Amino acid sequence: MDGKALAERIRGEIAEEVRELGEIGLATVLVGDDPASDIYIRLKHKAAAEVGISARDIRLASQTTEEELLEQIEQLNADDAIDGLLVQLPLPDHIDEPRVIRTIAPVKDVDGLHPFNFGHLALGHPTHVGATPVGIMALVEEYDVPLEGARAVVVGRSDIVGKPVSLLLLHANATVTICHSRTRDLSAVTREADVLVVAVGKAGVVGRDAVREGATVIDVGMNRSDEGVVGDVDPAVAEVAGRMTPVPGGVGPMTIAMLLRNAVRAARYRRGLLAFPGA
Ligand SMILES: NC(=O)c1ccc[n+]([C@@H]2O[C@H](COP(=O)([O-])OP(=O)(O)OC[C@H]3O[C@@H](n4cnc5c(N)ncnc54)[C@H](OP(=O)(O)O)[C@@H]3O)[C@@H](O)[C@H]2O)c1
């Protein structure tokens, strides 16, 4: 499943929408100097610039206090030029992450992590939903993967990937099982999957014998190795899977494209072109 090609097409569509809507502002806030976070932020800014979104790259020192960070977010909440706002995670240990996320104005929360947006997703009328889960669903739709009544297994239960994608699959009428580090006999569960989403962060956590013949396999993992970036799924799984996303070139580019789409969505909400539910 070619995420790179689909993402490229979507970015073209977004560029067109940005031309129609006019100026759109996206702000990212990064605290500290984590090298992986730095790479993700750079990719997001490069992609935003390419579609004509004005992105503001706010970098704060690792010793920034929680109060200082909250103040920065409040400023961005009040800034009319900013439509979408994301705080790159993880934050340094001395900062209360849930409190920071709760401070982001829900209408600008392009990562869909604010309890307001997450609650709407859980209730089945999504507002802002994170770019990775939305990107996974776009790939599944592009390749006409049947979800109605299908058995979907999601490995990983993070707020950014596992939980939201599980909810989206559930709303698409799949029968969803969520696995995590305490799941007993993981491969027995994953073998049941028609659609398998793996978001763990450990190379090879799903092997060839853990996948049913013909299954659709979405590999979200991005793990650094001597051979470069590798996924969570053993590449040998491609021999049994019906369809599979590569790493790199699968979910990664879709995430970037969908973040841009979420920024456009935020602009539509803020301009009254789309209704954002009242709090
Ligand atoms: N391609 C993209 O755009 C993109 C976007 C986001 C993330 N990622 C990548 O996706 C991976 C997951 O990211 P994340 O943020 O969701 O990670 P995370 O917050 O660390 O969550 C990992 C999840 O995997 C579970 N887990 C850990 N070891 C396991 C095992 N042996 N068997 C089954 N489950 C296990 C954990 O279970 P517990 O809850 O029990 O601890 C947890 O729920 C990472 O490689 C990350 O880099 C890629």
Side-chain angles (χ1 to χ4, degrees), residues 1-4 6-8 10-11 28 34-48 86-91 93 97-98 101 110-113 118 129-140 153-169 176-193 196-207 209-211 217-225 227-235 237 244-262:
M1 301 167 87
D2 190 345
K4 194 162 174 257
L6 178 57
E8 223 169 275
I10 291 171
R11 290 208 310 265
T28 64
D34 176 57
S37 294
D38 175 61
I39 294 170
Y40 299 144
I41 291 283
R42 280 169 199 266
L43 286 171
K44 290 169 185 177
H45 281 267
K46 184 169 171 279
L86 75 81
V87 177
Q88 187 69 36
L89 302 179
L91 288 166
D93 288 344
E97 217 164 80
I101 290 166
V110 285
D111 270 346
L113 290 171
F118 213 101
V129 182
T132 305
V134 170
I136 292 168
M137 297 306 283
L139 263 172
V140 163
V153 175
V154 178
V155 190
R157 55 174 163 180
S158 68
D159 295 342
I160 193 83
V161 190
K163 275 184 213 155
V165 80
S166 300
L167 288 164
L168 291 173
L169 290 163
V176 183
T177 304
I178 307 172
C179 302
H180 44 77
S181 65
R182 321 290 161 83
T183 297
R184 239 182 292 128
D185 200 357
L186 179 67
S187 48
V189 183
T190 58
R191 262 197 302 276
E192 292 288 308
L196 177 61
V197 179
V198 188
V200 170
K202 285 184 185 149
V205 73
V206 168
D209 62 351
V211 176
V217 180
I218 311 282
D219 188 354
V220 186
M222 290 201 300
N223 308 292
R224 256 154 271 277
S225 79
E227 297 91 58
V229 176
V230 298
D232 287 345
V233 177
D234 185 337
V237 166
M244 184 164 151
T245 56
V247 177
V251 176
M254 289 303 295
T255 294
I256 302 281
M258 290 307 180
L259 169 65
L260 305 176
R261 181 167 272 179
N262 283 355

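Ligands are counted one by one from 1 in listed order, and the atoms in each one are counted from 1 as well. This is a predicted model, so every value here is computed, not measured.
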K.L.:
What protein heavy atom sits nearest atom 6 (C) of ligand 1, and how far away is it?
P.N.:
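Residue, atom and distance for the closest contact: V161 CG2, 3.7 Å.
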
K.L.:
Please report which non-hydrogen protein atom sits nearest to atom 30 (C) of ligand 1, along with the residue it belongs to and the distance in Å to one decimal place.
P.N.:
V205 CG2, 4.0 Å

K.L.:
Measure from the side-chain N and O atoms of D234 to the backbone N and O of G204, and report whether any donor-acceptor pair falls under 3.5 Å.
P.N.:
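No, the answer is negative, given that no donor and acceptor are paired below the 3.5 Å cut-off.
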
K.L.:
Between the candidates R224, R157, M222, M254, which shows the shortest non-hydrogen contact distance to atom 45 (O) of ligand 1?
P.N.:
M222

K.L.:
Taking R157 for the side chain and I178 for the main chain, is one N or O donor matched with an acceptor at less than 3.5 Å?
P.N.:
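Between the backbone of I178 and the side chain of R157 there is no qualifying donor-acceptor contact (under 3.5 Å).
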
K.L.:
So, do V220 and V198 sit near enough that their side-chain heavy atoms are less than 4.5 Å apart?
P.N.:
no

K.L.:
Just verifying a value: how many Å separate T28 OG1 and I41 CD1, rounded to the nearest 0.5 Å?
P.N.:
4.0 Å

K.L.:
Look at atom 13 (O) of ligand 1 and say whether a protein heavy atom is found at less than 4.0 angstrom from it.
P.N.:
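No, no protein heavy atom sits under 4.0 Å from atom 13 (O) of ligand 1.
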
K.L.:
Give the residue and atom name of whichever protein heavy atom lies nearest to atom 3 (O) of ligand 1, and the separation in Å to one decimal.
P.N.:
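Looking at atom 3 (O) of ligand 1, the protein heavy atom closest to it is T255 OG1, 2.8 Å.
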
K.L.:
With rounding to the nearest 0.5 angstrom, report the CG to CD1 distance, L113 to I160.
P.N.:
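Atom-to-atom, L113:CG and I160:CD1 are 4.0 Å apart.
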
K.L.:
Starting from atom 33 (C) of ligand 1, find the nearest protein heavy-atom neighbour and note its residue, name and distance.
P.N.:
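The closest heavy atom on the protein side is H180 O, 3.2 Å.
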
K.L.:
Check each atom of ligand 1 against the heavy atoms of T132 and keep those under 4.0 Å away; list them by number with element.
P.N.:
3 (O), 5 (C), 6 (C)

K.L.:
Taking atom CE of M258 and atom CD1 of I10, what is their separation to the nearest 0.5 Å?
P.N.:
3.5 Å

K.L.:
Which option, C179, P253, G201, owns the non-hydrogen atom nearest atom 44 (C) of ligand 1?
P.N.:
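Looking at heavy atoms only, the winner is G201.
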
K.L.:
Tell me if a side-chain donor or acceptor on D232 pairs with a main-chain N or O of D219 at a distance below 3.5 Å.
P.N.:
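Judged by distance alone, no pair lies under 3.5 Å.
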
K.L.:
Quick one: are V247 and V230 in side-chain contact, heavy atoms under 4.5 Å?
P.N.:
no

K.L.:
Would you mind finding which of S158, P133, A131, S181 brings a heavy atom closest to atom 19 (O) of ligand 1?
P.N.:
S158

K.L.:
Could you tell me if any non-hydrogen atom of A199 lies under 4.0 Å from any atom of ligand 1?
P.N.:
yes

K.L.:
Which residue holds the protein heavy atom closest to atom 27 (C) of ligand 1, what is that atom called, and what is the gap in Å?
P.N.:
V200 CG1, 3.6 Å

K.L.:
Quick one: does R261's side chain get under 4.5 Å of R11's, heavy atoms only?
P.N.:
no

K.L.:
Indicate, as side chain, backbone, both or neither, the part of V155 found under 4.0 angstrom from ligand 1 when only non-hydrogen atoms are considered.
P.N.:
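It is the side chain that gets close, since no backbone atom is under 4.0 Å.
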
K.L.:
Under 4.0 Å from a heavy atom of I160: which atoms of ligand 1 are those, numbered in the order shown and with their elements?
P.N.:
15 (O)

K.L.:
When rounded to the nearest 0.5 angstrom, what is the spacing between CG in L86 and NZ in K44?
P.N.:
5.0 Å

K.L.:
R182 versus ligand 1: do any nitrogen or oxygen atoms come within less than 3.5 Å of each other?
P.N.:
no

K.L.:
Report yes if some N/O of D232 lies less than 3.5 Å from some N/O of ligand 1; otherwise report no.
P.N.:
no

K.L.:
Which atoms of ligand 1 have any heavy atom of G156 under 4.0 Å away?
P.N.:
23 (C), 24 (O), 43 (O)

K.L.:
Supply the atom-to-atom distance T132 OG1 to L259 CG, rounded to the nearest 0.5 angstrom.
P.N.:
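Here the interatomic distance stands at 9.0 Å.
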
K.L.:
Quick one: does G252 get within less than 4.0 Å of ligand 1, heavy atoms only?
P.N.:
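Contact present.
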
K.L.:
Nearest 0.5 Å please: distance from the OH atom of Y40 over to the CE atom of M222.
P.N.:
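Taking OH in Y40 and CE in M222, the distance rounds to 3.5 Å.
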
K.L.:
In terms of residue, atom name and distance, what is the protein heavy atom nearest to atom 28 (N) of ligand 1?
P.N.:
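Here the closest protein heavy atom is K202 NZ, 3.0 Å.
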
K.L.:
Taking non-hydrogen atoms only, is V220 closer than 4.0 angstrom to ligand 1 via side chain, backbone, both or neither?
P.N.:
both

